[in-house]
There are 2 protein chains.
Amino acid sequence: MRLTTKGRYAVTAMLDLALHADNGPISLAGISKRQEISLSYLEQLFSKLRQNDLVSSVRGPGGGYRLSRPSEEIFVAQIVDAVNESIDATNCGGSGSCRNGATCLTHHLWCDLSEQIHDFLSGISLASLVARKDIQEVSERLDKEEALQQAEANSMQRITTASLG
Amino acid sequence: MRLTTKGRYAVTAMLDLALHADNGPISLAGISKRQEISLSYLEQLFSKLRQNDLVSSVRGPGGGYRLSRPSEEIFVAQIVDAVNESIDATNCGGSGSCRNGATCLTHHLWCDLSEQIHDFLSGISLASLVARKDIQEVSERLDKEEALQQAEANSMQRITTASLG
DNA sequence: TATATACCCTAGCATTCTACTCAGGTTTAA
DNA sequence: TTAAACCTGAGTAGAATGCTAGGGTATATA
């Protein structure tokens with residue numbers, strides 16, 4: 001079973017995409033700033049998300065990423081699967097060859113657990129997350145932070161330009 | 001979230017203990033043979049299980065380990081916790097300081113998932129595993145294998161002793 | 001009292017994975 | 001033409017896993 005920052009980052013980034021779906025393609029630079037995830041790392045994650053047909057990309061200026069289908073049809077389990085390869089809790093990948101080719105004593109237990117986690121994460125769509133009040137609140141906070149940083153950057157730019165001119 | 005061979009080995013070993021509870025203290029050597037887990041590794045795991053008061057030990061010949069309480073009162077979550085330290089799915093240990101001191105976008109989602117997994121594993125006692133037919137079948141197979149190996153070892157011993165005498 | 005069985009403890013180590021960085025591309029709107 | 005964006009592969013520090021090695025210490029039995 002693997003559920004680490006990798007999978008969490010992927011879900012966070014996809015949720016950011018869903019939250020800003022109305023603003024056209026979303027650049028990784030924007031996600032990077034809002035969610036504080038390294039840009040290069042995001043690029044690697046989105047490479048896998050694209051391979052798994054969860055997002056589509058638009059190249060060139062003004063480009064970015066879009067969800068490849070409505071947020072109602074994208075589930076957390078799919079995202080974690082895409083970057084982590086597996087949310088399987090068994091050691092044998094469910095094959096039952098965990099104790100030297102045969103079934104180990106606790107094989108069935110881990111199968112049950114895997115199913116449990118998978119069912120849970122498969123039942124949660126991006127749309128259902130977007131609808132949550134706690135998530136909306138956090139999202140608004142992050143948007144404001146980003147706007148503030150952008151304003152500061154612009155003001156620095158004006159000063160620099162003025163002193164150069 | 002961590003759920004790897006370490007936690008699986010620990011649960012397997014504890015289940016082995018529960019299955020052979022009637023035979024007095026169980027030696028790690030026996031568990032090592034039946035479950036094919038390295039003896040030294042088992043010693044490390046049992047050190048943690050003992051610290052967490054899940055097993056008690058008997059030293060000297062004929063010694064070994066015993067469950068520290070009835071198998072009805074020992075749950076899988078406790079075992080995984082003992083060796084893995086945490087089955088928490090969040091990055092912040094549940095504190096909500098996951099995005100630079102503040103709450104990240106998906107914090108609540110991972111909290112929910114952690115609760116889900118914990119509830120599941122907390123509901124499964126060693127006794128309920130012992131009662132499962134699929135586990136009984138695997139256990140019988142492993143006991144037979146061990147008995148067979150023991151018989152072979154004894155016969156080798158006789159040959160060696162005979163040739164020496 | 002000697003011996004062997006078993007628990008106990010610490011250190012180290014190869015391998016794997018994570019979470020990046022770096023250094024280059026290529027595409028395309030303006 | 002420029003620059004914003006996507007795209008790709010290689011490399012890397014640090015942490016964790018799953019061990020091994022080599023010492024103990026306690027105690028039942030001969």
Side-chain angles (χ1 to χ4, degrees), chain A residues 1-13 17 23-33 35-51 54-66 68 80 83-87 91 98-100 104 150 153 157, chain B residues 1-13 17 23-33 35-52 54-66 68 80 83-87 91 98-100 104 153 157:
Chain A
M1 145 78 63
R2 272 179 264 155
L3 189 46
T4 61
T5 310
K6 201 175 185 176
R8 278 192 290 267
Y9 276 175
V11 175
T12 303
L17 230 57
N23 310 7
I26 307 298
S27 72
L28 292 189
I31 300 179
S32 172
K33 273 182 206 159
Q35 310 302 336
E36 290 186 344
I37 305 172
S38 131
L39 179 59
S40 294
Y41 200 39
L42 275 177
E43 286 179 338
Q44 283 169 48
L45 296 180
F46 272 78
S47 165
K48 291 195 174 180
L49 294 173
R50 203 170 58 94
Q51 282 165 40
L54 293 172
V55 297
S56 58
S57 64
V58 181
R59 299 183 87 166
Y65 285 94
R66 252 195 280 260
S68 66
V80 175
V83 296
N84 264 1
E85 290 171 3
S86 158
I87 53 171
N91 202 20
C98 17
R99 211 212 72 144
N100 213 14
C104 79
Q150 197 56 51
Q157 181 64 37
Chain B
M1 146 78 64
R2 274 179 263 155
L3 189 45
T4 61
T5 309
K6 201 174 185 177
R8 279 192 290 270
Y9 276 176
V11 175
T12 303
L17 230 57
N23 310 7
I26 307 298
S27 73
L28 292 188
I31 300 179
S32 172
K33 272 182 206 160
Q35 310 302 336
E36 289 185 345
I37 306 172
S38 127
L39 179 60
S40 292
Y41 200 41
L42 275 177
E43 285 180 338
Q44 285 168 48
L45 296 179
F46 271 79
S47 165
K48 291 194 176 180
L49 293 173
R50 203 170 58 94
Q51 282 165 38
N52 282 265
L54 293 171
V55 296
S56 59
S57 64
V58 180
R59 301 184 85 166
Y65 284 95
R66 251 195 281 259
S68 65
V80 174
V83 296
N84 264 1
E85 290 170 3
S86 158
I87 54 171
N91 202 19
C98 19
R99 210 212 72 141
N100 212 14
C104 80
Q157 180 64 36

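So that the names make sense, note that chain A is the first sequence line, chain B the second, and so on, each numbered from 1.
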Can you tabulate the close N/O pairs, meaning under 3.5 Å, that link protein atoms to atoms of nucleotides 9-11 of chain D?
none

Can you see if the side chain of [X] gets near the phosphate of [N] - specifically, an N or O under 4.0 Å from OP1 or OP2?
X	N	answer
B/R8	D/dT17	no
B/Y41	D/dC19	no
A/S57	D/dA5	no
A/T5	C/dA19	yes
B/R59	C/dT5	no
B/Y9	D/dT17	no
A/K6	C/dT18	yes

Let me know, please, whether A/P61 or A/Q51 comes out on the 5' side of the other along DNA chain D by nearest nucleotide.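 Looking at DNA chain D, the more 5' nearest nucleotide goes with A/P61.
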
Are B/S47 and B/Q51 linked by a side-chain donor-acceptor pair shorter than 3.5 Å?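 Indeed, the side chains of B/S47 and B/Q51 share at least one donor-acceptor pair under 3.5 Å.
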
Residue A/S47, side-chain atoms from C-beta onward, closest of C/dC8, D/dT8, C/dA6: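 Nucleotide nearest to A/S47's side chain: D/dT8.
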
With rounding to the nearest 0.5 Å, note down the distance linking CG in A/L42 to CD1 in A/I37.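 Reported to 0.5 Å precision, the distance equals 5.0 Å.
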
If you measure from CZ on B/R8 to CD on B/Q35, what distance do you get to the nearest 0.5 Å?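 Going from the CZ atom of B/R8 to the CD atom of B/Q35 covers 14.0 Å.
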
Heavy-atom side-chain contact between B/F46 and B/I31 under 4.5 Å: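 Yes, close enough: below the 4.5 Å cut-off.
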
Contact class for B/Y65 vs. all strands (heavy atom < 4.0 Å): base, sugar-phosphate, or nothing?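 Sugar-phosphate, no base atom in range.
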
Rounded interatomic separation in angstrom, taking CG from A/L28 and C1' from C/dC20: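 Interatomic distance, CG of A/L28 to C1' of C/dC20: 15 Å.
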
Just the rounded figure in Å: distance from P of D/dT20 to CG of B/L42.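 Taking CG of B/L42 and P of D/dT20, I get 11 Å after rounding.
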
Would you say the side-chain atoms of B/S57 pair up with the backbone N or O of B/Y65, donor to acceptor, closer than 3.5 Å?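 No; judged by distance alone, with no hydrogens or angles, the pair does not exist.
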
